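What you see below is based on every heavy atom in this structure, not just the backbone, and it leaves out hydrogens, waters and symmetry mates. Just so it is clear, the structure is predicted and the values come from calculations on it, not from any experiment.
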Amino acid sequence: MSNAYDVIIIGSGPGGYIAAIRAAQLGMKVAVVEREHLAGICSNWGCIPTKALLRTADVMHSASHAKDYGLTLEGSIKPDIKAIVARSRGIAHRMNNGVGFLFKKNKVDIIWGEAKITKPGEVVVGKISKPIVQPQGPVPKNTLGEGTYSAKHIIVATGARPRALPGIEPDGKLIWTYFEAMKPEEMPKSLLVMGSGAIGIEFASFYRTMGVDVTVVEIMKQVMPVEDAEISALAKKQFERQGMKILLEAKVAKVEKGANSVTATIELKDGKTQAITADRMISAVGVQANIESLGLEAVGVKTDRGFIAIDGYGKTNIPGIYAIGDVAGPPLLAHKAEHEAVICIEKIAGLPNVHPMDKAKIPGCTYCNPQVASVGLTEAKAKEQGRDVRVGRFPFVANGKAIALGEDQGLVKTIFDKKTGELLGAHMVGAEVTELIQGFVVAMNLETTEEDLMHTIFPHPTISETMKESVLDAYGRALNA
């Protein structure tokens with residue numbers, strides 16, 4: 001078999017495997033270099049298995065409120081952490097196998113090992129020498145191994161890993177990253193979560209629903225700092241009603257480890273300190289790109305603040321070398337990586353009408369309880385840009401379907417340019433909003449105005465009706481509030 005390819009992709013996560021499949025569809029000879037798990041962090045340790053855990057939390061929450069729906073359950077509801085983890089890991093394994101099947105179907109070669117770009121057009125694959133954060137996944141059959149491979153185009157899609165703060169490094173036992181938080185051997189009685197971004201708040205939500213005493217420490221002024229402040233505040237109220245403790249504008253200054261617990265010294269915004277002891281602690285303070293040991297520096301590939309610098313099509317400053325996904329910078333989202341992959345490959349193939357990535361139209365979803373979803377500008381960002389805006393709001397408490405579901409705590413907020421009617425942003429908190437947000441994403445991509453949305457018929461009864469009502473409210477025309 002020839003070692004020459006049209007495209008070699010380093011990494012098989014959401015960006016890497018989608019790039020490989022799209023390239024194969026366009027008739028290219030493709031290989032993917034992988035050293036840990038097919039399907040990457042997303043399917044093995046991130047997006048998918050965490051949603052399996054959160055689904056368990058949803059069922060636990062519903063069962064705990066059975067009386068609210070006229071049902072009587074005999075006996076207490078107890079989480080079986082081993083069974084919960086086994087279900088989650090089983091789903092991850094299924095996703096891993098699925099990507100292997102797609103590679104076989106599309107005739108994509110898999111090269112197992114550690115890749116290094118020695119020069120433009122050349123990748124040397126060697127033994128896996130660098131420690132892997134988690135145990136290596138199953139090596140697929142019929143994979144290629146060590147050797148020198150050539151390609152007209154090389155795409156780096158190596159993703160990112162948890163970032164560690166000096167002095168508070170995760171040890172895998174008392175201080176966890178999301179890896180350990182996904183597969184605890186036993187359920188802790190108390191948990192301290194450092195950071196309230198999507199990863200931190202999702203795990204906080206899961207463990208709290210499972211009955212764990214959870215405290216979240218966030219250095220910024222709001223939970224989920226990238227979200228609209230009003231949506232964040234409503235989510236915080238719901239978290240606290242569930243019993244979660246949240247400390248804002250607070251910093252974990254130091255951590256002392258005990259035999260089976262940690263004691264963190266928290267610096268509060270008023271200058272005082274507070275000591276919190278918990279069985280376990282999750283460090284969720286962001287991630288850093290996997291750019292080491294790839295040979296990028298020797299080849300001359302530029303980086304920016306720890307990420308590979310690219311243009312809107314995934315091109316680096318070195319011809320024939322590209323980067324996509326988390327390794328290429330924020331937002332660090334699987335769907336951004338997938339879309340970037342398609343753009344990159346189609347540009348390489350010379351297809352017409354390939355548009356560069358528009359980061360302003362990338363939706364963000366957080367699968368806590370309540371869910372949070374958004375796209376576009378927050379109200380504060382729109383005003384910072386000097387926009388004269390109209391803001392619409394519609395609460396779930398005025399929506400028939402939400403009331404019938406027993407999920408009447410939520411809000412849809414829309415932001416329009418007052419002069420043009422352009423939809424600048426949409427922000428949601430409540431049940432199933434991660435499924436609703438795509439409606440606004442489509443609207444923004446189609447350059448839909450408020451008038452178009454007002455004339456759109458939404459089915460009744462659905463929670464989606466809150467979307468239209470929010471638009472109507474921005475123009476003083478809400479019908480059900």
Side-chain angles (χ1 to χ4, degrees), residues 48-94 173-174 176 178-193 196 199-217 223 234-247 258-262 276-282 284 366-372 396-397 401-410 429-434 463:
I48 304 302
T50 55
K51 303 312 162 282
L53 296 179
L54 289 162
R55 175 57 177 163
T56 295
D58 288 341
V59 174
M60 179 83 172
H61 175 78
S62 295
S64 299
H65 293 80
K67 287 185 178 180
D68 296 342
Y69 298 90
L71 302 174
T72 300
L73 297 180
E74 295 183 2
S76 61
I77 304 163
K78 297 179 180 178
D80 180 344
I81 193 59
K82 290 185 178 179
I84 292 170
V85 170
R87 177 178 182 271
S88 174
R89 300 316 307 151
I91 290 169
H93 183 63
R94 180 175 173 181
K173 179 186 177 184
L174 299 175
W176 293 343
Y178 55 76
F179 290 111
E180 294 81 24
M182 290 196 60
K183 54 179 185 64
E185 295 181 359
E186 59 183 9
M187 192 69 75
K189 293 181 179 179
S190 56
L191 178 70
L192 177 65
V193 180
S196 71
I199 293 173
I201 210 68
E202 285 185 0
F203 277 115
S205 185
F206 167 74
Y207 278 100
R208 179 65 205 124
T209 304
M210 292 295 106
V212 177
D213 183 8
V214 175
T215 301
V216 177
V217 178
V223 291
L234 288 172
K236 178 175 178 286
K237 286 183 180 179
Q238 290 300 308
F239 298 149
E240 290 175 331
R241 285 176 186 171
Q242 295 163 13
M244 197 183 297
K245 303 178 189 71
I246 299 175
L247 300 175
N260 199 32
S261 65
V262 295
I276 297 177
T277 298
D279 291 345
R280 298 293 182 269
M281 174 178 169
I282 295 177
T366 307
Y367 300 82
C368 44
N369 182 17
Q371 293 181 4
V372 175
F396 277 32
V397 73
K401 180 66 177 295
I403 295 170
L405 291 175
E407 300 285 359
D408 63 355
Q409 296 302 301
V429 57
E432 298 305 323
V433 297
T434 58
I463 297 178

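Tyr69 and Leu405 get closest at one heavy-atom pair: OH-O, 2.8 Å. Contact detail for Ser88 and Pro49: the closest heavy-atom pair is OG-O, 3.0 Å.
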Return a table of donor-acceptor pairs under 3.5 angstrom between the side chains of residues 54-66 and protein atoms on other chains or two or more places apart.
unit_1, atom_1, unit_2, atom_2, d
Thr56, OG1, Ala52, O, 3.4
Ser62, OG, Asp58, O, 3.1
Ser64, OG, Met60, O, 2.7
His65, ND1, His61, O, 2.8

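In this structure, CG on Leu192 lies 12.0 Å from CH2 on Trp176, to the nearest 0.5 angstrom. Summarising the geometry, atom CZ belonging to Phe203 is positioned 6.5 Å from atom CG belonging to Leu53; distances are rounded to the nearest 0.5 Å. Residue Arg89 holds its CZ atom at 10.5 Å from NE2 of His93, rounded to the nearest 0.5 Å. We find the CD-CD distance between Glu407 and Glu432 to be 8.5 Å, quoted to the nearest 0.5 Å. A distance of 5.5 Å separates OG1 of Thr50 from CE of Met182, quoted to the nearest 0.5 Å. Atom CE of Met244 and atom OG of Ser205 lie 5.0 Å apart (nearest 0.5 Å).
For the side chain to side chain donor-acceptor pair (under 3.5 Å) test, no residue two or more places apart in sequence or in another chain qualifies with Lys189. When the side chain to side chain donor-acceptor pair (under 3.5 Å) test is applied to Asp213, the partners found at least two apart in sequence or on another chain are Lys245. Annotation: side chain to side chain donor-acceptor pair (under 3.5 Å) contacts of Lys82 (sequence neighbours excluded): none. Residues satisfying the salt bridge (Lys or Arg N to Asp or Glu O under 4.0 Å) test with Lys236, not counting sequence neighbours, are Glu240. Arg280 is linked by a side chain to side chain donor-acceptor pair (under 3.5 Å) to Asn260, counting only residues two or more places apart in sequence or in another chain.
Tyr207 places a side-chain heavy atom less than 4.5 Å from the side chain of Met187. At a threshold of 4.5 Å between non-hydrogen side-chain atoms, the residues Ser196 and Ile246 do not count as touching. Taking the side chain as every heavy atom from C-beta outward, Phe239 and Ile201 approach each other to under 4.5 Å. For the pair Phe206/Leu191, no side-chain contact is recorded, criterion being any heavy-atom separation below 4.5 Å from C-beta on.
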From CA spacing to verdict: side chain to side chain contact (heavy atoms under 4.5 Å, CB included), Val429, Gln238: CA-CA 10 Å; Val429 57; Gln238 290 300 308; 5.9 Å; no

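Counting only distance, with no hydrogens or angles, the side chain of Gln242 and the backbone of Asn369 share a donor-acceptor pair below 3.5 Å. In this structure, the side chain of Gln371 engages the main chain of Thr434 through a donor-acceptor pair within 3.5 Å. With hydrogens and angles ignored, the 3.5 Å screen pairs a side-chain donor or acceptor of Ser190 with a backbone N or O of Asp279.
Salt-bridge formation is detected for the pair Lys51/Glu202: a Lys NZ or Arg NE/NH1/NH2 atom is positioned less than 4.0 Å from an Asp or Glu carboxylate oxygen.
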